[in-house]
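Single-structure report; data block below.
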Amino acid sequence: QVQLVESGGGLVQAGGSLRLSCAASGGMFSTYGMAWFRQAPGKEREFVAGISRSGGSQYYADSAKGRFTISRDNAKNTVYLQMNSLKPEDTALYYCAADTTGWKWSTSNFNSWGQGTQVTVSS
């Protein structure tokens with residue numbers, strides 16, 4: 001069973017940047033697709049960005065394209081989310097997730113979750 005621990009959240013002004021990290025342990029990190037999701041108060045959790053096992057493919061929600069970059073370091077068992085040009089509507093609890101199924105990429109496959117890190121963007 002993989003354990004995921006997020007870090008890097010905080011309070012930032014609109015237009016600023018944050019880099020989230022997610023450290024994985026207890027599993028075979030390089031065999032998992034990884035992703036970031038977020039949930040704002042009163043809203044459903046939504047997909048933000050994902051990355052394939054090798055890191056060769058990245059996937060983004062329309063809201064993240066051009067502003068966020070997902071990357072991974074399999075040697076460090078860590079996935080990152082670089083967030084630039086942050087907006088107040090990016091305020092949410094950000095979750096790291098792992099797809100341990102080995103199936104073809106789908107945002108429905110993610111079955112292991114971290115506890116989340118809060119991102120707050122002030123206007």
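One is the number of the first residue; the rest follow in order along the sequence.
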Quick one: closest heavy-atom pair of Asn84 and Ser17, and the distance?
-> OD1-OG, 2.9 Å

Say you draw a straight line from OG of Ser122 to CD of Gln13; how long is it, rounded to the nearest 0.5 Å?
-> 5.0 Å

Least distance between heavy atoms, Ala24 atom then Val2 atom = CB-CG2, 4.0 Å

Got a second to check how far Leu20's CG is from Thr78's OG1, nearest 0.5 Å?
-> 12.5 Å

Can you find a pair of side-chain heavy atoms, one from Thr91 and one from Gln118, that are under 4.5 Å apart?
-> yes

Enter the distance from Asn77:CG to Gln3:CD here, rounded to the nearest 0.5 Å.
-> 11.5 Å

Hey, does the side chain of Gln58 reach the backbone of Ile51 with a donor-acceptor pair shorter than 3.5 angstrom?
-> no

Hey, are the side chains of Ser21 and Lys76 touching, using non-hydrogen atoms and a 4.5 Å cut-off?
-> no

Between Tyr59 and Trp105, what is the ring plane arrangement, given parallel below 30°, perpendicular above 60°, and tilted in between?
-> parallel

Heavy-atom nearest pair, Tyr95 first then Leu93, reads OH-CD2, 2.9 Å

So, for Trp36 and Phe68, is the gap between ring centers shorter than 6.0 Å?
-> no

What is the minimum heavy-atom distance between Val119 and Met83, and which atoms define it?
-> CG2-CE, 3.8 Å

Does any N or O in the side chain of Asn74 come within less than 3.5 Å of the main-chain N or O of Arg53, such that one atom is a donor and the other an acceptor?
-> yes

Can you check whether Ala92's main-chain N or O pairs, donor with acceptor, with Gln39's side chain at less than 3.5 Å?
-> no

Identify the two heavy atoms, one from Thr101 and one from Asn109, that lie closest to each other, and give their separation to 0.1 Å.
-> CG2-O, 3.7 Å

Please lay out, stage by stage, how Lys87 and Asp90 fare under the test salt bridge (charged side-chain N to carboxylate O under 4.0 Å, His left out).
-> CA-CA 5 Å; Lys87 306 174 181 180; Asp90 294 317; over 6 Å; no

Would you verify whether the NZ or CZ of Arg72 falls within 45 degrees of the ring axis of Tyr32 while also being under 6.0 Å from that six-membered ring's centre?
-> no

Same apolar cluster (I L V M F W Y, side chains within < 4.5 Å links), Met34/Val48 = yes

OH (Tyr80) and SG (Cys96) are apart, to the nearest 0.5 Å, by 11.5 Å

Please check if the distance between the ring centroids of Phe47 and Phe110 is under 6.0 Å.
-> no

Which atom pair, heavy atoms only, marks the closest approach of Ser123 to Pro88?
-> CB-CG, 3.8 Å

Sub-3.5 Å donor-acceptor pair from the side chain of Tyr60 to the main-chain atoms of Ile70, do we have one?
-> yes

From OH (Tyr94) to SG (Cys22), nearest 0.5 Å | 15.0 Å

So how far is it from Asp99 CG to Ser112 OG, rounded to the nearest 0.5 Å?
-> 9.0 Å

Among the clusters formed by ILVMFWY side chains lying less than 4.5 Å apart, do Phe29 and Leu81 turn up in the same one?
-> yes

